Amino acid sequence: MNLWVQSIEGEGSTFSFTIRMQKSDTTSFAEALKDTKQGVKAAIDKLYRKRVLLVEDNDMNQELAIDLLEAKGLIVILAENGQEALDILQSKEFDLVLMDIQMPVMDGYEATRKIREQDRFKDLPVLSMTANVMSGDRDKAREVGMDDTIAKPIVPQDMFITMAKWV
Ligand code: MN
């Protein structure tokens with residue numbers, strides 16, 4: 001693994017890394033898509049009319065994600081925290097859950113843990129949305145049963161490709 005850090009006084013640090021991973025069906029699918037226009041289009045086609053539970057407490061992030069997803073024909077239901085997400089999951093079917101981490105009432109880790117405790121949700125894709133992809137969040141996200149991570153700030157084409165891997 002290669003890891004490097006770039007620090008700018010007063011602005012913070014950027015951590016970068018490369019890592020070799022075992023190939024699986026999902027990673028080769030993502031590789032096939034890459035960042036090409038066709039790849040993004042294929043991802044968006046695959047997501048059309050899919051039902052997404054967006055779990056996010058921040059107004060601006062809610063609005064941004066809903067706009068991006070609805071513009072591509074996805075059906076979005078909003079939950080403002082983990083507990084609300086669990087309640088909504090009792091009565092509605094979803095193809096995928098987008099889960100913020102830090103939320104009032106119940107955070108994304110606990111909500112995911114409680115989702116995974118229920119057998120009928122064992123195959124429901126749960127993707128975290130986090131700005132802190134290097135601070136151990138990815139490990140913790142995997143540990144509680146999240147399938148993948150979408151980095152904030154959201155890069156639309158990356159988000160669509162990652163989501164398409166899991167639906
Ligand atoms: Mn939050």
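For ligands, and for the atoms within them, numbers begin at 1 and follow the listed sequence. Hydrogens, waters and symmetry mates are skipped; everything else that's a heavy atom, side chains included, is used. Here the structure is a predicted model, which is why all the values come from computation and not from measurement.
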Under the criterion side-chain contact (heavy atoms from CB on, under 4.5 Å), which of N81, L86, V97 is the partner of V55? V97
Is it true that Q83 and D87 share a donor-acceptor pair across their side chains at a distance under 3.5 Å? yes
Under 2.8 Å from the Mn ion (ligand 1), which protein atoms of type N, O or S occur, listed by chain and number? D57 OD1, D100 OD2, Q102 O
Flag this pair as yes if the NZ/CZ of K72 is under 6.0 angstrom from the six-membered ring centre of Y48 and inside a 45 degree cone about the axis; otherwise no. no
In chain order, what residues pass the side chain to side chain donor-acceptor pair (under 3.5 Å) check against R51, with sequence neighbours excluded? none
Member of I150, L53, V126 meeting the side-chain contact (heavy atoms from CB on, under 4.5 Å) criterion with M99: V126
When you check the gap from the basic side-chain N to the acidic O, do K152 and D100 get nearer than 4.0 Å? yes
